[in-house]
Structure formats: structure tokens, C-alpha cells
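Predicted model, so just to flag it, every value in this text is computed and none were measured. First the proteins, then the strands, lettered A, B, ... as listed; each starts at 1.
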Amino acid sequence: EAGVAQSPRYKIIEKRQSVAFWCNPISGHATLYWYQQILGQGPKLLIQFQNNGVVDDSQLPKDRFSAERLKGVDSTLKIQPAKLEDSAVYLCASSPSGGGYTFGSGTRLTVV
Amino acid sequence: QQQVKQSPQSLIVQKGGISIINCAYENTAFDYFPWYQQFPGKGPALLIAIRPDVSEKKEGRFTISFNKSAKQFSLHIMDSQPGDSATYFCAASRTGGFKTIFGAGTRLFVKA
């Protein structure tokens, strides 16, 4: 089966600019996650979708981050405006219904 | 109570040796404990997982040991190979679609 697709792979932006990331999960996976992985740390959940509804966004900085999952399939994560501390790898993952995740390769964001 | 504490931060093992990574959790509601392996530039990949109704699970050279009373679990990599050099994350979650909490990671280097 095809894996979790993410784009772009890399992005460099200046602080206060906006950026968007895209994720296409494994077909049929109801649950989609966006994680932030800062260098040298474990992934931290930003938002979890079940189909196209939000299950958990308690750690999403809602003043600058937003996410949506259109028709319960693809998802986009947006940052506006970006800060230096947002430099990280943004990982998308999906699972059929909890349990083990399949992660994408991530988008490495550098904010300068 | 949501944390998963992982040690050591880094580990160097000779080829053919045993690599041991330890994790501890606090939330007794956790009932799924996966380990993920991450190579540079890639997303984490599910390696092996255990539920608390068993004390040990083995898949090839990888074994999880689970101590429910101590709230600890560990990953043992037998006959470690240079190709095992990667970052390993322990994690914990609850059945029912709850988010997975990741440890901070262990960077393993296997010397040839």
C-alpha cells in the first residue's frame, strides 16, 4: 500500500511569513495526526483528526497554527505568522483507528 | 502524568552486542506501548509494540520487556548491527483513539 505522502520536503521562510504543509494519508485510515518534532526531541502532537472532525488540538498554538482535513482525506497545516521557534520537522501520520501509526517523511521547516 | 521518560539519550554498542533502551510512564490508563525507529530524514516507523497483558514480546532480534507494577518497559536489540543505528522512540497511548505520547528518543550507534 502507498505510504503517507507529505509535501514539501523542505521549506525555508522568514519569520512572520506564512507557510502551509500538505498531507495525504493512507487510503482508508480514519485518523490523521500532525506532530511537531524539534531537533533532538520526540514528536509532539499538534492536532488529531477522526475523519474530518478534530479530536484533540489541545497543544496547537491556535493564535498562529491552523489545520483542516477536507472530506476526511487530505489535510493541510498552516502557520501564520511563523516564529523562529517553529523551526522543526512537521510529521503527518495516519492510523486505521488508533494503534500503531504510519508516518510520512515529514516537512523540515526552517524559520530565519 | 502524561509523560514518557526514556533513557539513555545516546548509546554506543559494539556489533553483535545487546542494545537496551528503557522507558517509564506514569499514567496507568495507558494500554498500548509501541517502539518506533527513525532514520535521518525519515519519519518514525513502527518497530514493535506490546500491551500490558503480556510481560514480553519478541520479533526477530527485537524484544520488549514490560513491567506493569513498576510502570516500565524496555527494548532489547540482540546481535546489534550497524544497520540498527538510528533513533529509537518509546511511546504510550490508550485504546480508543487517544493520542500517542512519545519519549525524547535514544540515538543508537552500533560500531562495526
Side-chain angles (χ1 to χ4, degrees), chain A residues 1-10 21 23-26 29-51 53-60 67 88-110, chain B residues 1-11 21-25 27 29-52 57 59 62 64 75 86-109:
Chain A
E1 65 181 0
V4 175
Q6 288 189 247
S7 67
R9 286 300 312 275
Y10 306 94
F21 313 127
C23 173
N24 182 234
I26 291 175
H29 280 194
T31 312
L32 183 147
Y33 312 82
W34 282 102
Y35 275 80
Q36 180 192 57
Q37 186 176 23
I38 293 173
L39 186 65
Q41 298 182 18
K44 183 187 83 171
L45 181 72
L46 291 174
I47 189 166
Q48 175 182 344
F49 292 95
Q50 180 74 19
N51 296 309
V54 175
V55 173
D56 186 342
D57 64 356
S58 57
Q59 296 192 83
L60 186 73
V89 175
Y90 290 85
L91 294 163
C92 179
S94 68
S95 69
S97 54
Y101 296 177
T102 301
F103 280 92
S105 292
T107 296
R108 181 176 297 277
L109 173 67
T110 302
Chain B
Q1 203 184 25
Q2 285 284 75
Q3 280 188 319
V4 176
K5 295 182 180 178
Q6 182 171 350
S7 63
Q9 277 190 309
S10 61
L11 182 61
I21 304 170
N22 301 299
C23 281
Y25 63 98
N27 188 346
F30 288 144
D31 61 0
Y32 180 70
F33 301 89
W35 285 88
Y36 286 84
Q37 179 188 56
Q38 186 176 30
F39 293 105
K42 300 290 186 182
L46 180 63
L47 188 62
I48 186 173
I50 196 169
R51 295 196 180 272
K57 183 174 181 180
E59 290 184 2
F62 300 90
I64 300 178
L75 176 70
T87 299
Y88 293 81
F89 295 96
C90 62
S93 69
R94 292 170 54 189
T95 301
F98 292 92
K99 66 185 177 187
T100 295
I101 307 296
F102 286 82
T106 296
R107 294 187 68 176
L108 171 65
F109 180 68

Relative to chain A, which of R107(B), K42(B), Q38(B), Q9(B) shows the most heavy atom pairs under 4.5 Å? Q38(B)
Most heavy-atom pairs under 4.5 Å with chain A, out of G43(B), P34(B), P44(B), belong to P44(B)
R9(A) portion near chain B, given a 4.5 angstrom heavy-atom threshold: side chain
Nearest heavy-atom neighbours spanning S58(A) and K99(B): OG-NZ, 4.0 Å
Got a donor-acceptor contact below 3.5 angstrom from the Y36(B) side chain to the Y101(A) backbone? yes
Sequence-distant partners of K44(A), salt bridge (charged side-chain N to carboxylate O under 4.0 Å, His left out), two or more places apart: none
Region of Q37(A) that comes under 4.5 Å of a non-hydrogen atom in chain B: side chain
Spatial distance of atom CD (Q41(A)) from atom CZ (F102(B)) [nearest 0.5 Å]: 13.5 Å
Considering residues at least two apart in sequence or located in another chain, which fulfil the ring-ring contact (aromatic ring centres under 6.0 Å, His included) criterion with F21(A)? Y90(A)
